[in-house]
2 protein chains.
Amino acid sequence: ACAAGPLRRSQPPAVPAEVVSRPWGVRPRGRRGLHGSSSSPQEVVLTSERYGVERLPFSRVSDGDVAFFERMMPGRVVTNPEELKPFNVDWLKSVRGCSKLMLKPQTTAEVSQVLRYCYERNLAVNPQGGNTGLVGGSVPVFDEIILSTVLMNRIISFDKVSGILVCQAGCVLEKLNEYLEEQAFVMPLDLGAKGTCHIGGNVATNAGGLRLLRYGSLRGTVLGLEVVLADGSTLDCLASLRKDNTGYDLKQLFIGSEGTLGVITAVSILCPQKPTAVNLAFLGCQSFAKVLETFTTCRIMLGEILSAYEFMDEKCMELVKRHLKLSSPVTDSPFYVLIETSGSNSTHDEEKLSNFLEQAMTSGLVTDGTVATDDKKIKTLWGLRERITEALAHDGYVYKYDISLPVEKLYDLVTDMRARLGRSAKNVVGYGHLGDGNLHLNITAESYSHSLLDAIEPFVYEWSARYNGSISAEHGLGFKKKQFIQYSKPNEAILLMKRFKAMLDPKGILNPYKMLP
Amino acid sequence: ACAAGPLRRSQPPAVPAEVVSRPWGVRPRGRRGLHGSSSSPQEVVLTSERYGVERLPFSRVSDGDVAFFERMMPGRVVTNPEELKPFNVDWLKSVRGCSKLMLKPQTTAEVSQVLRYCYERNLAVNPQGGNTGLVGGSVPVFDEIILSTVLMNRIISFDKVSGILVCQAGCVLEKLNEYLEEQAFVMPLDLGAKGTCHIGGNVATNAGGLRLLRYGSLRGTVLGLEVVLADGSTLDCLASLRKDNTGYDLKQLFIGSEGTLGVITAVSILCPQKPTAVNLAFLGCQSFAKVLETFTTCRIMLGEILSAYEFMDEKCMELVKRHLKLSSPVTDSPFYVLIETSGSNSTHDEEKLSNFLEQAMTSGLVTDGTVATDDKKIKTLWGLRERITEALAHDGYVYKYDISLPVEKLYDLVTDMRARLGRSAKNVVGYGHLGDGNLHLNITAESYSHSLLDAIEPFVYEWSARYNGSISAEHGLGFKKKQFIQYSKPNEAILLMKRFKAMLDPKGILNPYKMLP
């Protein structure tokens, strides 16, 4: 399908995109990226072929278009197929587009000019941040123009009294956090891909992550957004106020809209103070029931200092050890939990934590464990949890599910799936943000297969719907989950979403083939 | 204007609405209501007259309409003018409509039937909760049908593991909190009108209140909504999951939409655990600069247990003493602050608090103060702050402003306004949620006057806009502030809001004359 629309240049590119072999990971990719699998992107089957998608009747990028963009932002227009390659493939190497053009605007005005032009010309656009998404939402499906926020990485302001940060959408999450830490603040979100992901992408996908339990979702912490709409008009809702009840809260519609309603160009976000005392406990539990009971107990005993409650099963630990050569100080347990406390008084916090641990050990909730208070050991222990995604990527093709469920039912889905798939899957693992009722169910196999996919889906969605779960807790729908939205949303809601999309992007040029069925 | 459209009944009402004299406060009104001023509602000038509003060409309620509703919900249709009176006047007695019909549905299906009928008949509807709003949003402007949630007060479910409460929209906030406290949880919001306000109204106005500093805004804590749209269709977004990224977050549009986009019929909300240790400090400061410095200090020293930081000026204290006969244990200070801590360990919390107080006293930030740890004294001290609104209502006609500003500028507006108005105002007072950058500026006078209003507005809005503030932090726009939205929102945003309104309520029957200019 992509071959039908090659970029009409006066000279053909020196090496056709399909032939170039180039190792993955040309960009600095932070934690998630650095340890990505080493297979090369052209091995990934084109999305249009694997999924049999029909290209919508958008215009195709012409030489005239490229010339226009070159005049607008000289040196920031990428047409070299080799250079484009990693931006056409997702981090999981599960979907691949064939965009022939990437633009790197530096300012909101440039994004506005680009979209105004594309809207008039009926050119489809794929907004892209750090390209760390897990549902195929961040890469083109066909030849959409990639609009990258990579050069929009300026911090606009930070107010130390209110803790409000205003920055461009392309700022890397980890860089923002480092900047804030120097001023005794932190970002209200944290996730494995922090070294690569852009704050604009985080907001566009309503990223959850590791600190949600403590600081809440982006719907509460994002105070303002600047967004460029499909027709190029700019919507300035970049307020930096904790409270503002003047009219409908338009910015909310763009949080979690996965680039389908507008391109986020700047973000205003409320940042908490950096906790002066952080402790981490890594514990082994003999059953999932004990994982749950440990959660209830620590929520009461740690109260306001509890900042994360993560769990992983022994299969996760096996993969992290095998593929990443990480070693764990706690072993031989079917389940592991990671409990983080963050507070303002280390003596108080350590006392709370040790009271809790004593209670957990004496009552048999926990059979083994270790506690870390120094930064280095804390980072090492977090690594065991944060790098599971990476270890899975090394294990083969990964079928990824990100489910919200009532916590009591959370692990039953993993057990049921394991029984259902038997030996047709390589590994079936479960981990995630237990404190938020969020399970990451992952299934690995040597390679992608339709029949395995059919064994998993729609079973996994039906299972989740039966317990009023969500088929996407934090990853979004992107390309890969959009057909399953009806398992979590009623028809009237989906129809209304389509009306919003039609109103804000009547030509449908923004991130087409994504999010809505 | 209202007289032009009397309800065409076969018999005229026994006593015309304009003649009946009846004391205010017939309904149980909780804290805010119980102590309301004693003047009677018919003294309030009709909104249409005071503000010179033109009635829009909606149909007028006919006998046939009343008969239809009587069949649908027998005994829950109010047409008695005397009974209707308090529902036509706002709590501040600043605006008055002349609705001739109030409906009290019990179920979502009934709300749906009502709206379907009204939509077809082109009848305007004023959704009403506890009628405690402060911007004239909760009462009719003309003869809109009052759709009251008063009988929709059923708790649907509460899950003790997740802390998620699902309930009908008409549940009274204080009742919900009492219900939760029995199970060791609390509502994530608290406000002076808690004894009367409905959770549906809280959500529709995106209420802020006293706990926002700790638990964040309703945009983060509301997890799901059920809404009936203008045409009577029901939108079920009543998920009770902490995380759900499946499609656009439609419910957000209804949070803070003040009943203009749909009628909220049920709410799913995340409730925090009830803190086992609560302390309150009521302190006197010699200057606003010291109020600010005290805030910065306590934010660091109290950290995660800080749950409220409120301030009030000496004028507020004077009015509370004069009109409500309350006495304060702390006196002779130009400013007072109220600091609340909530935590899980009373020993730790008291230690943190006493460390902070020692620091505040020795460094001269605070000159006098008292601390409360028992429930009764805590309630008494909170009363000094919570009942300011009430004391103001006793002082005369109140011009109310609810402004977000950078905290450093917060009190300058009060000082400037006091200087500007001189003796033409009775009192100019400032208090509010300092921790959220939210000032309540109130001006009292013997009675309403156009000239005093002209001296205040648009000065107060221009002043706020100059410092990038919001002209409504938490009260909303309602009827009284809607013309000033442009001081806080750019034109493109206002146009987009109008497009949303036109899409969801094409006939404009929901809470007309409100929110949008």
Side-chain angles (χ1 to χ4, degrees), chain A residues 161-162 205-206 208 216-217 219-220 233 235-237 239 241-250 252-253 255-257 273 296 299 303-305 343-345 348 352 404 406-408 436-438 469-477 485 488-490 492-494 496-497 499-500 503 515-516, chain B residues 161-162 205-206 208 216-217 219-220 233 235-237 239 241-250 252-253 255-257 273 296 299 303-305 343-345 348 352 404 406-408 436-438 469-477 485 488-490 492-494 496-497 499-500 503 515-516:
Chain A
V161 178
S162 62
T205 56
N206 189 29
S217 87
R219 304 214 168 266
S233 62
L235 186 65
D236 178 5
C237 299
L241 297 163
R242 178 100 192 227
K243 290 159 94 171
D244 177 22
N245 275 353
T246 53
Y248 310 140
D249 192 0
L250 299 176
Q252 293 289 346
L253 208 56
I255 300 177
S257 68
Q273 287 182 102
T296 315
R299 205 173 49 171
E304 63 281 2
I305 64 166
S344 59
N345 183 314
H348 290 171
K352 285 191 181 88
S404 271
V407 285
E408 314 86 72
D436 312 319
N438 185 180
S470 166
I471 65 146
S472 181
E474 59 175 15
H475 292 172
L477 297 170
I485 186 173
S488 291
K489 289 286 152 69
E492 309 80 62
I494 300 168
L496 195 51
M497 290 178 201
R499 288 172 70 195
F500 282 123
M503 189 180 114
M515 195 164 198
L516 292 176
Chain B
V161 178
S162 62
T205 56
N206 188 29
S217 88
R219 304 213 167 267
S233 60
L235 187 66
D236 178 5
C237 298
L241 298 163
R242 177 100 192 228
K243 289 159 94 172
D244 177 23
N245 276 352
T246 53
Y248 309 141
D249 192 1
L250 298 176
Q252 292 289 345
L253 209 55
I255 301 176
S257 68
Q273 288 183 102
T296 315
R299 205 173 49 173
E304 63 281 2
I305 63 166
S344 59
N345 184 313
H348 290 170
K352 284 190 182 88
S404 270
V407 283
E408 313 87 72
D436 311 319
N438 185 180
S470 166
I471 65 145
S472 180
E474 59 177 15
H475 292 171
L477 297 169
I485 188 175
S488 290
K489 289 286 152 67
E492 309 80 62
I494 299 168
L496 194 51
M497 290 178 201
R499 288 172 70 195
F500 284 129
M503 190 180 113
M515 196 163 197
L516 293 176

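Quick note on labels: first sequence line is chain A, next is B, and so on, each numbered from 1. Given the structure is predicted, the values throughout are model-derived calculations rather than measurements.
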What option among B:Ala473, B:Ser488, B:Ser472, B:Gly476 has the most heavy-atom pairs under 4.5 Å with chain A?
B:Ala473
Among A:Leu477, A:Leu516, A:Val407, A:Ile305, which residue forms the greatest number of heavy-atom pairs with chain B at distances under 4.5 Å?
A:Leu477
Evaluate A:Ser404 against B:Asp244 for side-chain contact (heavy atoms from CB on, under 4.5 Å), listing each step before the verdict.
CA-CA 7 Å; A:Ser404 271; B:Asp244 177 23; 5.5 Å; no
Mind running side-chain contact (heavy atoms from CB on, under 4.5 Å) on A:Leu250 and B:Phe500 for me, showing each step along the way?
CA-CA 10 Å; A:Leu250 299 176; B:Phe500 284 129; 3.2 Å; yes
Please rank A:Ala239, A:Gly256, A:Gly208, A:Ser257 by heavy-atom pairs under 4.5 Å with chain B and give me the top one.
A:Ser257
Strictly distance-based, threshold 3.5 Å: is any side-chain N or O of B:Asn438 a donor or acceptor partner for the main-chain N or O of A:Lys243?
no
Pairs of heavy atoms under 4.5 Å with chain A: top-ranked of B:Glu474, B:Glu304, B:His348, B:Gln252
B:His348
Please tell me if the side chains of A:Asn206 and A:Arg219 come closer than 4.5 Å, counting only heavy atoms from C-beta onward.
yes
Most contacts with chain B, counted as non-hydrogen pairs under 4.5 angstrom, among A:Val161, A:Thr205, A:Thr296
A:Val161
Determine the option with the most heavy-atom pairs under 4.5 angstrom with chain A, choosing from B:Ile494, B:Ile485, B:Asp249.
B:Asp249
Against chain B, work out which of A:Met515, A:Met503, A:Glu492 has the most heavy-atom pairs shorter than 4.5 Å and name it.
A:Met503
What residue in A:Gly220, A:Pro490, A:Ser344, A:Gly303 has the most heavy-atom pairs under 4.5 Å with chain B?
A:Ser344
Holding to salt bridge (Lys or Arg N to Asp or Glu O under 4.0 Å), I want the full list of residues that pass it with B:Arg242, two or more places apart in sequence or in another chain.
none
Count the heavy-atom pairs under 4.5 Å between each of A:Ser217, A:Gly437, A:Gly216, A:Ala493 and chain B, then report the option with the highest count.
A:Ala493
Honestly, the part of B:Ile471 sitting under 4.5 Å from a heavy atom of chain A is both
Less than 4.5 Å to any heavy atom of chain A: does that hold for the side chain of B:Gln273, its backbone, both, or neither?
side chain
Please report the closest heavy-atom contact between B:Ser470 and A:Thr246, naming both atoms and the distance.
OG-CG2, 3.6 Å
Excluding sequence neighbours, so at least two apart, what forms salt bridge (Lys or Arg N to Asp or Glu O under 4.0 Å) with A:Asp236?
none
